[in-house]
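Structure record follows, encoded as structure tokens.
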Amino acid sequence: KCQTFEGGFGSRPGTEAHGGYTFCSLAALILLNKTHLINKDQLLDWAVHRQMKFEGGFQGRTNKMVDGCYSFWQGGIFPLIHHILMPENSDILNDKEWLFSQIALQDTSCFVASTPVGVLLINLENLETIIIHVTV
């Protein structure tokens, strides 16, 4: 009931999909052997669209900025999705690549970890500097 129309999971029915809640919900359903209750296509669609092309990291909710904390939760969803999809798709999935750009996330994470103030500074095309919260 907490899986939203977007495909992720919210804190309760009717709330927006959220990276942290999606990770915890998905992990719990796997542990309970209840993944048949998930709309896998919607979940995968929502998850892959949380990685932002320009920044390389993940946003935790639709129309939000990239965040280091959400990059952890969203990135952690993919091994779980992989686990669910592997039995039906072993011919197209493998153990070496996830369903997101690992290099882009690694580059973003290394950049964030190297900033002395612990924030990700993004210089957008219009040269406006945006400060993105991260936990370091």
Side-chain angles (χ1 to χ4, degrees):
K1 291 184 177 184
C2 290
Q3 188 172 16
T4 72
F5 70 93
E6 297 173 284
F9 288 80
S11 60
R12 60 186 182 277
T15 60
E16 70 179 324
H18 182 283
Y21 290 122
T22 299
F23 177 87
C24 293
S25 298
L26 188 53
L29 288 167
I30 289 170
L31 291 172
L32 294 169
N33 200 27
K34 298 286 186 181
T35 58
H36 62 278
L37 300 173
I38 301 168
N39 183 324
K40 296 171 194 164
D41 291 337
Q42 278 188 315
L43 174 62
L44 181 59
D45 184 65
W46 179 80
V48 299
H49 286 97
R50 300 290 63 80
Q51 186 172 30
M52 298 291 96
K53 184 184 255 185
F54 179 73
E55 298 92 340
F58 287 93
Q59 58 180 195
R61 297 178 287 154
T62 303
N63 296 322
K64 299 295 180 183
M65 297 180 76
V66 166
D67 184 295
C69 182
Y70 286 133
S71 291
F72 168 80
W73 292 112
Q74 294 293 105
I77 289 170
F78 287 94
L80 301 178
I81 291 174
H82 192 94
H83 172 79
I84 293 169
L85 297 178
M86 187 60 137
E88 301 165 4
N89 300 285
S90 60
D91 55 330
I92 57 173
L93 295 175
N94 65 58
D95 297 7
K96 295 179 177 48
E97 295 180 18
W98 303 114
L99 300 169
F100 68 94
S101 174
Q102 296 162 257
I103 298 298
L105 181 59
Q106 181 180 10
D107 289 348
T108 298
S109 299
C110 288
F111 175 75
V112 169
S114 68
T115 62
V117 292
V119 295
L120 175 57
L121 303 172
I122 302 274
N123 192 356
L124 301 175
E125 290 177 7
N126 66 2
L127 301 181
E128 177 183 348
T129 300
I130 304 286
I131 300 175
I132 300 171
H133 158 81
V134 294
T135 305
V136 291

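Along the sequence shown, residues are numbered consecutively beginning with 1. What you see below is based on every heavy atom in this structure, not just the backbone, and it leaves out hydrogens, waters and symmetry mates.
The CZ atom of Arg50 sits 6.5 Å away from the CD atom of Glu6 when rounded to the nearest 0.5 Å. With rounding to the nearest 0.5 angstrom, the CZ atom of Phe9 is 6.0 Å from the CG atom of Leu43. Interatomic distance, CG of Leu44 versus NE2 of His82, reported as 12.0 Å (0.5 Å rounding). The distance from atom CD of Gln3 to atom CG of Leu29, rounded to the nearest 0.5 Å, is 9.0 Å.
Residues Asp45 and Val48 come closest through the heavy atom pair O-CG2, 3.5 Å. Considering all non-hydrogen atoms of both residues, Gly19 and Gln74 come closest at CA-OE1, 2.7 Å. The minimum heavy-atom distance between Gly10 and Thr4, with the atom names listed, is N-CG2, 4.0 Å. When every heavy atom of Trp73 is checked against every heavy atom of Cys24, the shortest pair comes out as CZ3-SG, 4.3 Å.
Side-chain N or O atoms of Ser25 include none that pairs as donor or acceptor with a backbone N or O of Thr22 at under 3.5 Å.
Annotation: side-chain hydrogen bond (donor to acceptor under 3.5 Å, both in side chains) contacts involving residues 33-42, sequence neighbours excluded, comprise Asn39-Gln42.
In summary, the side chains of Glu16 and Thr62 do not present any donor paired with an acceptor at a separation below 3.5 Å, with no hydrogens or angles considered.
By the 4.5 Å heavy-atom criterion applied to side chains, His83 and Leu80 are not counted as neighbours. Side chains of Leu26 and Ile84 form a contact here, defined as non-hydrogen atoms less than 4.5 Å apart.
Linking Ile, Leu, Val, Met, Phe, Trp and Tyr residues whenever their side-chain heavy atoms come within less than 4.5 Å leaves Tyr21 and Ile81 in two separate clusters.
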